[in-house]
Amino acid sequence: MPVHNAEIAAMLDQAAELLEIRGDNPFRVRAYRRAARVVEGLPRSVTSLLAAGEKLSALPGIGDDLAGKIAGIAASGKFDLLEGLKRELPGELAEIAALPGLGPKRVKLLHGELGVRSLEDLRRAIRQGKLRSLRGFGPIMERKLQGALAKPVAEKRFRLTVAEVEAEALVNHLRGAAGVGHVVVAGSFRRRRDSVGDLDILVTARDGAAIGARLAAYENVATVAARGPTRTTVVLRSGLQVDLRVVPEASYGAALMYFTGSKAHNIALRNMAIERGWKLNEYGLFEGKRRIAGTTEAEIYRKLGLPEIPPELREDRGEIAAARKKQLPALVTLSDIRGDLHVHSTWSDGTVAIAEMAAAARARGYSYMAITDHSRRLTVAHGLDPGRLGRQIDEIDRLNDQLKGFTVLKGSEVDILADGTLDLPDRILDRLDVVVAAVHYKFDLPRAAQTERLIRAMDNRHVSILAHPTGRLLGERDAYDVDIERVVAAAGERGCYLEINAEPDRLDLDDVHARAAKEMGVKLAISTDAHSVAALDYMRLGVDQARRGWLEPGDVLNTRPLGDLKKRLKR
DNA sequence: GCCGTTTTCGGCCCGACTGTTTTCAGTCG
């Protein structure tokens, strides 16, 4: 049973947490955390890297020691150091440290002085009034902890589209304040991560307190968590946390960079500043007391000898080295997209007729669109059998006769059956321009069977694109257990394309696997899976994830003009 | 524990805010 990168990262994180509570060298703790982030962001699994004879110690932040430990975890699924730490300290201490206001130091005190080993122990200690006797604890902390223990809030991430609605309203509200310059959403929102944990809003103004007051007075604010002259933190009714930072105009670039992150990217840049005898913080780049850059991000990057790095790449996953060598990718943009290759109509479960969808696609500047309605097995979606699909093909032919300068491609989103065969016979698939193959049931097959299923589907030369390859639904359903690297490799061998499904709850493939595909020379299609006209606009979210995956226009099938596209769809 | 165009040893990003303290440690981002 191969150990996933995410599992390795979780073990490294947990070890870091317990090491920190134990009071170990903070830099050792940081090394474990950094290694966790590096493993998490690897485009290939540790298992396959090792199988290929690659040295983990070549990865940034991973030396001989951690390389050995990570290899050990990959081989056995066990982490001796972590097991030992758990024998020494109760594992639940990590959960206690996650409570607001509690960190390693206070948890160590709780454990050492009061013998707290569990959340229940902590509740009891509070009930018995023991907490406030400890140094660093007082009545306010006691009350807050009581609240947090009473109704624990699961860590929640929000879909980009949900965050966008909240952000737009809030930005408009803040723009209404007097003396406001820039108002911009930074953080993972600006880096276009597939979901966000909070909103980081940067404002330039002279009077930070006034802007903070304006945020606190926003109608959707549930609680104000912190309030200072330059920083204010609130929690909205939706549960979304908002961090506001206010800086002077001259610090705009530095603050935007700081607030955009990622943290690891910032640390790397700050280290570059240190190497040059400078200091980089959210107010600017400084030589001694003198600010030598800070008004724009570009200016700071330039001083550090780098071209400006697009926010989507700022994850400390090699972008700084690439920038240094002037080898940053020229990322795909929405305007490079010439068509949508996965679209539904009223023939199955779409809400709009083909002609109307075509007009909407055309209005978006596209020159083609594939209609890919569901196949017969998906009865709830009125999936098409060969007879109905034949009639749909005829309808599209008639429609194309009337259209000038736009082409509706004939397609199907054909179900991949449990054994990897397709839900429609070859004789009808033969009449189509685009076949998008997808899994819609039996998500729980064993890994090997699921992997074989997808590969067998791609064995069929009619299959052009493998849709939503991992089947994940953000916040609802994990990816099915599949060896995605083998699937990517198999797609490459067969000349099959992989989809980045742009639906906001799918975004599948994700950024990391899209990049893996690129590195393995496999091309991708960015498709909306639209069931309505409005959903065609999700294309931009798919492009965002493609950019996070370092994709350039040449890596994306639907940047090709129609003639070229048709040639590439032939296998 | 990692790392090196000043270093193989001695550094390791940087600042804001809270609740505690009585000048600051701890937490957070």
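Quick note on labels: first sequence line is chain A, next is B, and so on, each numbered from 1.
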Point to revise | Heavy-atom side-chain contact between A:N281 and A:Y258 under 4.5 Å | key: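 Sidechains of A:Y258 and A:N281: no contact.
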
Review point. Should A:L93 and A:H111 count as side-chain neighbours, where that means a heavy-atom distance under 4.5 Å?
Key: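 Heavy-atom side-chain distance check passes, below 4.5 Å.
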
Between [M] and [N], how far apart are the [atom1] atoms? Round to whole Å, please.
N: B:dG1; M: B:dT5; atom1: C1'; answer: 24 Å
N: B:dT7; M: B:dC3; atom1: C1'; answer: 10 Å
N: B:dT20; M: B:dG15; atom1: P; answer: 26 Å
N: B:dC28; M: B:dT23; atom1: P; answer: 25 Å
N: B:dT21; M: B:dA16; atom1: P; answer: 24 Å
N: B:dG26; M: B:dT22; atom1: P; answer: 14 Å
N: B:dC13; M: B:dC2; atom1: C1'; answer: 15 Å

Check your understanding: Paired with B:dG19: which nucleotide, if any, by Watson-Crick or G-U wobble criteria at under 3.5 Å for both distances?
Key ->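 Its partner is B:dC24.
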
Exercise: do [X] and [Y] side chains pair donor with acceptor under 3.5 Å:
X: A:T204; Y: A:E249; result: yes
X: A:S251; Y: A:R291; result: yes
X: A:E319; Y: A:H265; result: yes
X: A:E503; Y: A:T528; result: no

**Study point:** Range on DNA chain B touched by chain A, heavy atoms, distance below 4.0 Å
**Key:**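 Contact boundaries, 5' end first: B:dG1 to B:dG29.
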
Within the 4.0 Å heavy-atom criterion, would you say [X] contacts the bases, only the backbone, or no part of the nucleic acid?
X: A:E275; value: nothing
X: A:K108; value: nothing
X: A:K279; value: sugar-phosphate
X: A:P26; value: nothing
X: A:D198; value: nothing
X: A:N281; value: sugar-phosphate
X: A:Y32; value: sugar-phosphate
X: A:R227; value: sugar-phosphate
X: A:E20; value: nothing
X: A:L269; value: nothing

Point to revise | Any donor-acceptor N/O pair, A:R472 side chain to A:D508 backbone, under 3.5 Å | key: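 No, the answer is negative, given that no donor and acceptor are paired below the 3.5 Å cut-off.
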
Review point. Could A:R34 and A:Y32 be counted as a cation-pi pair, given that NZ or CZ must be under 6.0 Å from the ring centre and within 45° of the axis?
Key: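 Not flagged: A:R34 not positioned over aromatic ring of A:Y32.
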
Check your understanding: Between A:D65 and A:D200, which is nearer to the 5' end of DNA chain B once each is assigned its nearest nucleotide?
Key ->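 Nearest nucleotide further toward 5': that of A:D65.
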
Practice item. Return the 5'-most residue of the pair A:T232, A:R270 with respect to DNA chain B, ranking by each residue's nearest nucleotide. Key: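 Nearest nucleotide further toward 5': that of A:R270.
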
